[in-house]
There are 2 protein chains.
Amino acid sequence: MADHLTLVFGALADPTRRDIVARLAVGDATVGELAAPYDISVQAISKHLKVLEGAGLVTKTAAAQRRTVHLEAEVFDLMTKWIEKYQQQAEERYQRLDALLEQLDQDGNVIPQPQEKSS
Amino acid sequence: MADHLTLVFGALADPTRRDIVARLAVGDATVGELAAPYDISVQAISKHLKVLEGAGLVTKTAAAQRRTVHLEAEVFDLMTKWIEKYQQQAEERYQRLDALLEQLDQDGNVIPQPQEKSS
DNA sequence: CATCTAATCAACCGAACGGTTGACAAGCCC
DNA sequence: GGGCTTGTCAACCGTTCGGTTGATTAGATG
């Protein structure tokens, strides 16, 4: 099976599923309630929910024949952490580049590629 | 064509592409440099880069026959905003639920479903 | 000019995806 | 119990996806 981040990003790479997440952020809902706004079959929604469930974004609890779907917001932290990591790295890199360019400005020397080669 | 968020999430729903993003956060690289660590073909990496490019996560600049690939960190903001929106909504919902439960505790009345129906 | 290198384009392949329809399971309600 | 409601399971279908191989373009270099 794929790793968690792949499942989470994959789950949110679909507009319908993002829509469902948006709906669930307001409050829990049954499968039927979630399916109502769309003109695709209930089975298709059920599949979407299984993808969201597989990514840990959603949990289902069976009460009578109704399944209540609940959003698990904590999983978002996983994504946010991943994103912030590279956002931060990229920013640091820019700052290093800026510092370097500033330094170059002082002695007037021009180097086209500031980063070093690996290999 | 799909909307931007779909493209971004879709692009990051693949471990190899997330890996490439991680590599690019450290600094720009050529297609060949990006392909080196993997035992899949350069063509496959080229395809991955096209997906990342289509999502606006990456830009390519052609210098000689080498294409330098550059990470565009700003696109992450789009995702972060989307995520934070529902993270925040879900949290607010919990707080409302907590407040409600606390209130219920006081007069001892029990209501099973705190959110209202929309139909 | 000939050739080597770097990267893309194009066609193809199997697997996964998003959707459908049909059958079925599990509860409520008359 | 019989039937309605709610939801899932299973099989199928066309499209997309991640990968391959082969050919081709574009620039550096002998």
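Keep in mind the model is a prediction, meaning the values are calculated, not measured. In what follows, chains carry the letters A, B, and so on, assigned in the order in which the sequence lines appear, proteins first and then strands, with residues in each chain numbered from 1.
Between the side chain of Gln43(A) and the base of dG22(C), at least one donor-acceptor pair of N or O atoms lies under 3.5 Å.
Rounded to a whole Å, the CG atom of Leu12(B) is 16 Å from the C1' atom of dC17(D). In this structure, the NZ atom of Lys60(B) is 9 Å from the C1' atom of dA7(C), given to the nearest Å. Look at CG on Leu49(B): it is 12 Å from P on dC9(C), rounded to the nearest Å. Rounded to a whole Å, the CZ atom of Phe9(B) is 19 Å from the C1' atom of dC17(D). Taking atom CD1 on Ile40(A) and atom C1' on dT21(C), their separation rounds to 14 Å, with Å as the unit. Distance Ile45(A) CD1 to dT6(D) C1': 14 Å, rounded to the nearest Å. One interatomic measurement links the two molecules: CZ of Arg67(B) to C1' of dC9(C), which rounds to 12 Å at whole-angstrom precision.
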So which protein N/O to nucleotides 14-18 of chain C N/O distances come out below 3.5 Å?
residue: dG18(C); atom: OP1; partner: Arg17(A); partner atom: NH2; Å: 3.1
residue: dG18(C); atom: OP2; partner: Arg17(A); partner atom: NH1; Å: 3.2

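When the side-chain nitrogen and oxygen atoms of Lys50(A) are compared with OP1 and OP2 of dG7(D), none of them lie within a distance under 4.0 Å. For dT20(C), the OP1/OP2 oxygens have a side-chain nitrogen or oxygen of Ser41(A) closer than 4.0 Å.
Of the inter-residue distances, the one linking Arg17(A) atom CZ with Thr6(B) atom OG1 reads 10.0 Å to the nearest 0.5 angstrom. Atom CD of Glu33(B) is separated from atom CD1 of Ile45(B) by 13.0 Å, given to the nearest 0.5 angstrom.
You'll find the side chain of Leu34(B) reaches within 4.5 Å of the side chain of Arg23(B), heavy atoms only. Side-chain atoms of Leu57(B) and Leu12(B), non-hydrogen and from C-beta on, do get closer than 4.5 Å to each other.
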Please tabulate, for the side chains in residues 77-84 of chain B, all donor-acceptor contacts under 3.5 angstrom to protein atoms that are two or more places apart in sequence or on a different chain.
residue: Asp77(B); atom: OD1; partner: Gln87(A); partner atom: NE2; Å: 2.5
residue: Thr80(B); atom: OG1; partner: Phe76(B); partner atom: O; Å: 2.8

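The salt bridge (charged side-chain N to carboxylate O under 4.0 Å, His left out) analysis of residues 38-55 of chain A, with sequence neighbours excluded, yields the pairs Glu53(A)-Lys60(A).
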